[in-house]
Number of protein chains: 2
Amino acid sequence: MSDSDDTESGRRRHATIVEVADRAGVAIGTVSRYLNGHPVRRGNREQIEQAIGQLGYRRNAIAAAMKADLTNTVGFMVPSLSEFHAPVLEHLSRAMRRVGRALLTYCHDANPASIADALDFFVTHRVDCLIMDGRNDVDERILELIGNGTPVIFYDNGWPGLPVDRVLVENRAASFRAVTHLLDIGHSRIAVLTGNIGDWTGGERFEGYRQALLGRGIEINPDYVLDSHWYETEAYSGMLRLLSLPEPPTALYCCNYNMAVGALRLLREHGLKVPDDISLVSFDDVPLFQLHDTGITAVAQPVAKIAETITSIMASRLSDRGLSHAPHTITLNCDIILRGSTRRLITPQALGSR
Amino acid sequence: MSDSDDTESGRRRHATIVEVADRAGVAIGTVSRYLNGHPVRRGNREQIEQAIGQLGYRRNAIAAAMKADLTNTVGFMVPSLSEFHAPVLEHLSRAMRRVGRALLTYCHDANPASIADALDFFVTHRVDCLIMDGRNDVDERILELIGNGTPVIFYDNGWPGLPVDRVLVENRAASFRAVTHLLDIGHSRIAVLTGNIGDWTGGERFEGYRQALLGRGIEINPDYVLDSHWYETEAYSGMLRLLSLPEPPTALYCCNYNMAVGALRLLREHGLKVPDDISLVSFDDVPLFQLHDTGITAVAQPVAKIAETITSIMASRLSDRGLSHAPHTITLNCDIILRGSTRRLITPQALGSR
DNA sequence: TTGTACGCGTTATCAT
DNA sequence: ATGATAACGCGTACAA
């Protein structure tokens, strides 16, 4: 057999366009045009198709990418594949398939070095676009990508300021509504487990909490505000601290899913019931919350919509490159899913104000 | 500025190795050697580093890949980013970073066309390796990859037969132990919600159930065996059917997480309690199961170990290509996590046998 | 050690 | 519509 050869790397060499052209008795230009859907004379087309079949020819997208400066590859980087990020990735992946691209996926460790590693990979592999959770500590490599015209899209997080597109949700307003719900049913001692206050998202969610309370004339009690940095473990210990307060809260607002899990775990181990002993509302809606006992009232982020929006921004950026519009920031709405994790409280004040 | 140029695509052109060589006053061969860590004369090295800095040069991994026939890119394809696959992907992603690779991620729709699309992408983009959930319906493209020496690694599923490496878990034995636990505490009317019986994994998990029952001399009651095809929705309706049986089961074995969620949802809507009204054991251990009321007894798959094993198989395949060893099948152990979802049943038989 | 020059597989341009 | 040929950016023999 002379159709295939072995390379020193132990991999069988792929047939090339040149071999196809030879066997079909046409020029490589003709084959290239055939491959790219341009018109080709009927007889030639048949010859080419036959040659391709016989040789098992497969287009080398790497070579094409080098020529076209387009890899059809999109960088995707998140801190973890949590219950929030995993569905986003799944939706994105399906959307990308529709436009003939795929995602180069990286999980960073939230430390600068790992982020730098990932970005180096993306830059050197010439991704067409970069999608990532917004960071505050901006790596120079992100600026580099922006500088050479690669669209960068943040989602979920990240301060305004950097010239990138952003797909965010109405964190502050949704938090406000969630906490207001607790106020409406009579709670005033409401604690919060916040994400990194330094993050835009963490700050906004806290701010919604703050405004809701202040709006009802309730002062913020520092003992009720615990920065658990988005982590389950810190929420777990934070919850313990809340319970040991002389006047523990009657309700709890968790700024993400992980922290709700931490809090629930501790409550469970201490034999405390939601909502009998404490009411609970959380950001992020996950299967767990539908099934947990009475169900957990939660803020549902529009995951599918987030992925769609990212995809369409990418498409428009990629179609008219060069014309660089100002960056967009798109803010999507959240739904509050009411379940059974909150209990109406009849407070002395409430009775008095009737 | 003449340092940078604009391409017609609207993207700024990257500096090349040639420009670096020019500016550094050395030959491109020298720059290339410098980049790849080969020895270079001190003075030259400094010149090169300076030039790289000034030009903002970044190695073009695409061009390198074309030359080396190595993309440092690994295909990853799964049906969804479920609570099982997402953590596997996360672990894999981190492991890949350590070896300078990244995953091209695809979610297929379990239909042949979408799988073919993904495989086409992988083949044309010349991934160094392919990692996927094992399929029974083998696409010709998988054979093509194998044929040209690209390692293919199945996990989670897939019939033996195809010459690929496999990383599986002891589905049958773990199922056997899980069901045996139910038997030990007095249950004999045990129903099962199975995954696709046609899948290897689905078949094995069912087989473990079957053998456990037969081992105790209990015949398989067809009414108690429902093929829910891994889906939550089908488990939901299947559960309904079980409850309407003249003699409903006292215990339920769910062959994956999704189906457990479906069953739990229906039970909840019907006001039935686990384990008071029915005992439950499930495959897959997820946060939900830790927190659900009394906790759900579950079979925990060794997710991190799965990812590690895949990575090391990949490494060895890639290091000595050419020498094609016979394919490995590695079977990992599962743990059974006992929680509160099963209730000891005092049956007449049990009393009699004392 | 360094420089030169060719090849990797495509696409695109220019005549024909 | 087709054929010949020049890029694309890098790695690497080979000669110096």
Side-chain angles (χ1 to χ4, degrees), chain A residues 4-9 11-48 51-52 55-72 123-126 128 148, chain B residues 4-9 11-48 51-52 55-72 123-126 128 148:
Chain A
S4 59
D5 201 357
D6 279 0
T7 64
E8 71 294 340
S9 75
R11 200 136 60 141
R12 188 153 296 133
R13 217 178 53 70
H14 287 89
T16 76
I17 201 176
V18 179
E19 298 168 54
V20 173
D22 279 355
R23 184 176 284 238
V26 300
I28 60 172
T30 308
V31 178
S32 176
R33 280 188 292 271
Y34 164 81
L35 291 171
N36 293 298
H38 297 294
V40 166
R41 197 184 297 152
R42 185 199 179 85
N44 283 341
R45 182 173 50 224
E46 286 161 0
Q47 291 300 314
I48 292 172
I52 287 179
L55 292 163
Y57 168 80
R58 293 309 216 110
R59 187 176 193 274
N60 184 335
I62 299 298
M66 178 160 119
K67 191 73 179 111
D69 195 28
L70 243 206
T71 57
N72 288 314
V123 172
T124 58
H125 280 74
R126 303 289 195 262
D128 297 336
N148 67 41
Chain B
S4 58
D5 200 357
D6 279 357
T7 64
E8 71 293 343
S9 75
R11 199 134 62 140
R12 188 154 296 134
R13 217 179 53 71
H14 288 87
T16 76
I17 201 176
V18 179
E19 297 168 56
V20 173
D22 279 356
R23 184 177 285 237
V26 301
I28 62 168
T30 310
V31 178
S32 175
R33 279 187 293 272
Y34 164 82
L35 291 172
N36 294 299
H38 297 295
V40 165
R41 196 185 296 152
R42 184 199 181 87
N44 283 342
R45 181 176 47 230
E46 286 162 359
Q47 292 299 314
I48 292 172
I52 287 178
L55 293 163
Y57 167 82
R58 292 310 214 111
R59 189 176 197 276
N60 183 336
I62 299 296
M66 180 160 118
K67 189 78 181 98
D69 196 28
L70 245 205
T71 57
N72 288 313
V123 172
T124 58
H125 280 74
R126 301 291 194 263
D128 297 337
N148 68 39

Exercise for review: Please determine, for the side chain of B:Met66, which listed nucleotide (D:dA1, D:dG9, C:dG7) has the closest atom?
Suggested key: D:dG9

Exercise for review: Return the nearest nucleotide to the side chain of A:Ala64; candidates are C:dT11, D:dA4, D:dA1.
Suggested key: C:dT11

Exercise for review: Please determine if a side-chain N or O atom of A:Ser32 lies less than 4.0 Å away from the OP1 or OP2 oxygen of C:dT11.
Suggested key: yes

Review point. The side chain of A:Val26 lies closest to which of these nucleotides: C:dG3, D:dG3, D:dG9?
Key: D:dG3

Practice item. Please check the phosphate of D:dA1 (OP1 and OP2 only) for any side-chain N or O of A:Arg45 closer than 4.0 Å. Key: no

Check your understanding: Rounded to the Å, how far apart are A:Tyr34 OH and C:dT11 C1'?
Key -> 17 Å

Exercise for review: Identify which one of A:Val18, A:Val40, A:Asn36, A:Val26 satisfies the side chain to side chain contact (heavy atoms under 4.5 Å, CB included) criterion when paired with A:Val31.
Suggested key: A:Val26

Point to revise | Atom pair distance, as rounded to whole Å: CD in A:Gln47 and C1' in D:dT2 | key: 15 Å

Study note, to complete from the structure: Whole-Å distance, B:Glu19 CD to D:dA7 P, equals 15 Å

Check your understanding: Please give, in whole Å, the distance from C:dG9 P to A:Leu70 CG?
Key -> 21 Å

Review point. D:dA1 phosphate, OP1 or OP2: any side-chain N/O from A:Asn44 under 4.0 angstrom?
Key: no

Practice item. Report the distance from atom CG of A:Leu35 to atom OG1 of A:Thr30, rounding to the nearest 0.5 Å. Key: 10.5 Å

Review point. Is any side-chain nitrogen or oxygen of B:Arg41 closer than 4.0 Å to OP1 or OP2 of C:dT2?
Key: yes

Check your understanding: Mapping B:Arg33 and A:Arg33 onto DNA chain C by nearest heavy atom, which one lands closer to the 5' end?
Key -> B:Arg33

Check your understanding: Side chain of A:Ala27: nearest nucleotide among C:dT11, D:dC10, D:dA4?
Key -> D:dA4

Check your understanding: What nucleic acid atoms does B:Arg42 come within less than 4.0 Å of, heavy atoms only: base, sugar-phosphate, or nothing?
Key -> nothing

Check your understanding: Nearest-Å distance, CD1 (B:Ile48) to P (C:dT1)?
Key -> 14 Å

**Study point:** A:Asn148 versus A:Arg126, side-chain donor and acceptor atoms under 3.5 Å
**Key:** no

**Study point:** Any donor-acceptor N/O pair, B:His125 side chain to A:Thr71 backbone, under 3.5 Å
**Key:** yes

Practice item. Could you check how far CZ of B:Arg58 sits from C1' of D:dC8, rounded to whole Å? Key: 20 Å

Review point. Contact class for B:Tyr57 vs. all strands (heavy atom < 4.0 Å): base, sugar-phosphate, or nothing?
Key: sugar-phosphate

Point to revise | B:Met66 and B:Asn60: CA distance, side-chain angles, deciding distance, side-chain contact (heavy atoms from CB on, under 4.5 Å) verdict | key: CA-CA 10 Å; B:Met66 180 160 118; B:Asn60 183 336; over 6 Å; no

Study note, to complete from the structure: Separation of C:dT10 atom P from A:Asp69 atom CG, nearest Å, is 18 Å

Check your understanding: How many angstroms lie between atom CG of A:Leu55 and atom CZ of A:Arg23, to the nearest 0.5 angstrom?
Key -> 4.5 Å

Review point. To the side chain of B:Asn60, which of C:dT11, D:dG9, C:dG9 is closest?
Key: D:dG9

Check your understanding: Across the strands shown, which category fits B:Thr16 at heavy-atom distances under 4.0 angstrom: base, sugar-phosphate, nothing?
Key -> sugar-phosphate

Review point. Taking for each residue the nucleotide of DNA chain D bearing the nearest heavy atom, is the 5' side occupied by A:Ile28 or by A:Val40?
Key: A:Val40

Exercise for review: Figure out the CD1/P separation between A:Ile17 and D:dT5, and round it to whole Å.
Suggested key: 16 Å

